[in-house]
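The structure appears below as C-alpha cells.
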Amino acid sequence: MASKAPVADQQKQVQENIHLQIKSFCMSMDELLLPDVKKINEGIESSEQSNPAPRRSGLSFAIGRNTPSVKHHDVPETRPLERADVSQRLKDLIGYTLDIKPSQIPHKEAGQGLFLNGECDVGAVVAMYPGVIYSPAYYRYIPGYPRVNAQNSYLITRYDGTVINAQPWGFGGETRDFWDGFTVPEIRPNMQGGEKGPDRFWKLLSKPLDQRQLGNRGNILEGRNPLALAHFANHPAKDMAPNVMICPYDFPLTENEMRVYIPNVVFGDAEEVKMKRFGSFWFKLGGSRNGGSDIPVLKTLVLVATRALCDEEVLLNYRLSNSKRRPEWYTPVDEEEDRRRWS
C-alpha cells in the first residue's frame, strides 16, 4: 500500500506516526515528572483565600516565586527524580528504555554502545538524536569548521542538509533547566565500567564553548530524557546487521507542552534560511520557512526499529561516504546502496 502512495503522502504518514509516538512518550514523561496538578491547584486556591495579595499563576506557585524575576528563565517544578530512576520508570510505562555500556562490537574503538533495555516492536521510535541543529547557512559556526568531524564523531546530517551536533549534549543531565547548546549538562552517565577515554572526553567538554558567536537562544529542556542518546549507537561489525534506521522528524513548534522533551536547540535565527547546494557548496537563496508550511518546525532526527528488539545493542548503518577513506573498523552494510547514496 505504501509503495502505491505518492512520496508526499508516504512522508506525511511517517511524520504523523512518529509524532504520535513522540506525543505518547511526552505524556509518559509528564506522568513521571510533573507534580500532582490537583494538589497544586488546591494549594493555589488555599493561598488566594488566605492572602488577597496580587494573584500568582500556577507556574509562579510551582516554582515558589513571590516577585517576578528579571531576565530569568522560569523552570517549572518537577519531581526530584534522578535520571536512572526516570529511565527505569519509563521502562515500566512504555516497555523499554536505553542504557549505555561497553559495546559488543569487536574492535578497540567501539567504546561505549547504546543498548535497548526491554522490548519494542518494529517501527518504534527507539532514540532521539540530541544537540545543536545547524542549517546549511550556519555550517561555518560548527566547532572545528571546516574540518568539523576531525575531533567530533557525534555529528549527523539529514537529507535536507541539516546537521545536528550531539557533542555538547553528552549523556544528558540530572535536571530540567535552560540549555543554550554551549555547555554540557551535568554529567552522571549510567553505565558499567570505570572511567575510560569517552568519559574523560565528555568531561573535557564540560567547559563552556566560546559564546562570542552565540547564535541560539536556547530552551528549557529535560536533561533526564532517557531516549536522548541516539548519538551512542554504533555501526554494526562484519556479519552483523543494523536494527534501527534514521528517520527525520519535523517537530511542530506549536506543540508547546512537548517542547521540553525534544533535546535540541537551533543555532542561528529561528527563521529558516533557504539554501541551494552546488557541488560541495551551499548558497543562500533568500526567502524562508519550511517548504511552504506555515507551521514552524524543529528539524530533528530519531532512530526507528527495523525489527522487533529485545534487550540488545542498538546498531545503526552509518553509511559513510565511499569517496573518502573509511576507518579500519568500518564494514559497509550494503556497498551497492552506499554507491547509490553517494553518487
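Bear in mind the structure is a predicted one, so any value in this text is a computation, not a measurement. Every heavy atom of this structure was used, including side-chain atoms; hydrogens, water molecules and symmetry mates were not.
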What's the separation between atom [atom1] in [X] and atom [atom2] in [Y], rounded to the nearest 0.5 Å?
{"X": "Glu328", "Y": "Thr331", "atom1": "CD", "atom2": "OG1", "answer": "11.0 Å"}
{"X": "Tyr96", "Y": "Leu227", "atom1": "OH", "atom2": "CG", "answer": "6.0 Å"}
{"X": "Asp250", "Y": "Lys299", "atom1": "CG", "atom2": "NZ", "answer": "6.5 Å"}
{"X": "Trp329", "Y": "His235", "atom1": "CH2", "atom2": "NE2", "answer": "6.5 Å"}
{"X": "Leu116", "Y": "Cys310", "atom1": "CG", "atom2": "SG", "answer": "8.0 Å"}
{"X": "Ile18", "Y": "Phe251", "atom1": "CD1", "atom2": "CZ", "answer": "14.0 Å"}

Using a 4.5 Å cut-off on heavy atoms from C-beta on, say whether the side chain of [Y] contacts that of [X].
{"X": "Ile133", "Y": "Thr162", "result": "yes"}
{"X": "Leu303", "Y": "Met245", "result": "no"}
{"X": "Pro143", "Y": "Asn152", "result": "no"}
{"X": "Trp179", "Y": "Pro263", "result": "no"}
{"X": "Thr97", "Y": "Gln88", "result": "no"}
{"X": "Pro242", "Y": "Leu316", "result": "no"}
{"X": "Ile94", "Y": "Ser24", "result": "no"}
{"X": "Met258", "Y": "His19", "result": "yes"}

side-chain contact (heavy atoms from CB on, under 4.5 Å) with Val148: which residues, sequence neighbours excluded?
Ile142, Tyr145, Leu155

State plainly whether one hydrophobic cluster holds both [X] and [Y], where clusters connect Ile, Leu, Val, Met, Phe, Trp and Tyr through side-chain heavy atoms under 4.5 angstrom apart.
{"X": "Leu301", "Y": "Val14", "result": "yes"}
{"X": "Ile156", "Y": "Leu315", "result": "no"}
{"X": "Val86", "Y": "Phe115", "result": "no"}
{"X": "Met27", "Y": "Val125", "result": "no"}
{"X": "Ile100", "Y": "Tyr129", "result": "yes"}

Mark yes or no for whether [X], through its side chain, and [Y], through its backbone, hold a donor-acceptor pair below 3.5 Å.
{"X": "Thr306", "Y": "Asn243", "result": "yes"}
{"X": "Ser87", "Y": "Pro226", "result": "no"}
{"X": "Asp311", "Y": "Asn117", "result": "no"}
{"X": "Arg140", "Y": "Ala137", "result": "yes"}
{"X": "Arg79", "Y": "Leu32", "result": "yes"}

Does atom CD (Glu257) have a neighbourhood of more than 12 heavy atoms from anything else shown, all under 6.0 Å?
no

Could you check whether atom CZ of Arg89 has more than 12 heavy atoms from other residues, nucleotides or ligands sitting under 6.0 Å from it?
no

Derivation of the side chain to side chain contact (heavy atoms under 4.5 Å, CB included) call for Asn165 and Tyr134:
CA-CA 8 Å; Asn165 179 15; Tyr134 295 85; 4.0 Å; yes

Does a side chain donor of either [X] or [Y] reach within less than 3.5 Å of an acceptor in the other side chain?
{"X": "Asp177", "Y": "Thr175", "value": "no"}
{"X": "Ser103", "Y": "Glu313", "value": "yes"}
{"X": "His231", "Y": "Gln167", "value": "no"}
{"X": "Gln13", "Y": "Asn17", "value": "no"}

Considering non-hydrogen atoms only, spot the tightest contact between [X] and [Y] and give its length.
{"X": "Leu114", "Y": "Ala127", "value": "CD2-CB, 4.3 Å"}
{"X": "Cys247", "Y": "Val304", "value": "CB-CG2, 3.8 Å"}
{"X": "Pro252", "Y": "Ile295", "value": "CB-CG2, 4.1 Å"}
{"X": "Arg259", "Y": "Asn264", "value": "NH2-O, 2.5 Å"}
{"X": "Pro236", "Y": "Val333", "value": "CG-CG2, 3.9 Å"}
{"X": "Leu309", "Y": "Val126", "value": "CD1-CG2, 4.1 Å"}

Do any side-chain atoms of residues 4-11 form donor-acceptor pairs under 3.5 angstrom with protein atoms, and if so which ones, sequence neighbours left out?
unit_1: Gln10; atom_1: NE2; unit_2: Ala2; atom_2: O; d: 2.9
unit_1: Gln10; atom_1: NE2; unit_2: Ala5; atom_2: O; d: 2.9

Are the charged groups of [X] and [Y] less than 4.0 angstrom apart, N to O?
{"X": "Glu312", "Y": "Arg307", "answer": "yes"}
{"X": "Asp338", "Y": "Arg326", "answer": "yes"}
{"X": "Arg158", "Y": "Asp160", "answer": "yes"}
{"X": "Glu82", "Y": "Arg224", "answer": "no"}
{"X": "Arg340", "Y": "Glu337", "answer": "no"}

Just one of Val132, Leu221, Ile164 clears the side chain to side chain contact (heavy atoms under 4.5 Å, CB included) bar with Trp169, so which one?
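Among Val132, Leu221, Ile164, the one meeting side chain to side chain contact (heavy atoms under 4.5 Å, CB included) with Trp169 is Leu221.
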
Take the angle between the ring planes of Phe232 and Phe171 and call it parallel below 30°, perpendicular above 60°, tilted in between.
parallel

Checking side chain to side chain contact (heavy atoms under 4.5 Å, CB included) for the pair Tyr261/Met128: CA distance, chi angles, key distance, verdict?
CA-CA 10 Å; Tyr261 299 118; Met128 304 176 178; 5.5 Å; no

Apply side chain to side chain contact (heavy atoms under 4.5 Å, CB included) to the pair Ile22 and Ile262, showing each step before the final yes or no.
CA-CA 9 Å; Ile22 297 294; Ile262 308 302; 3.9 Å; yes

Walk me through it: do Asn225 and Phe25 pass the test side chain to side chain contact (heavy atoms under 4.5 Å, CB included)?
CA-CA 10 Å; Asn225 184 338; Phe25 161 74; 3.2 Å; yes

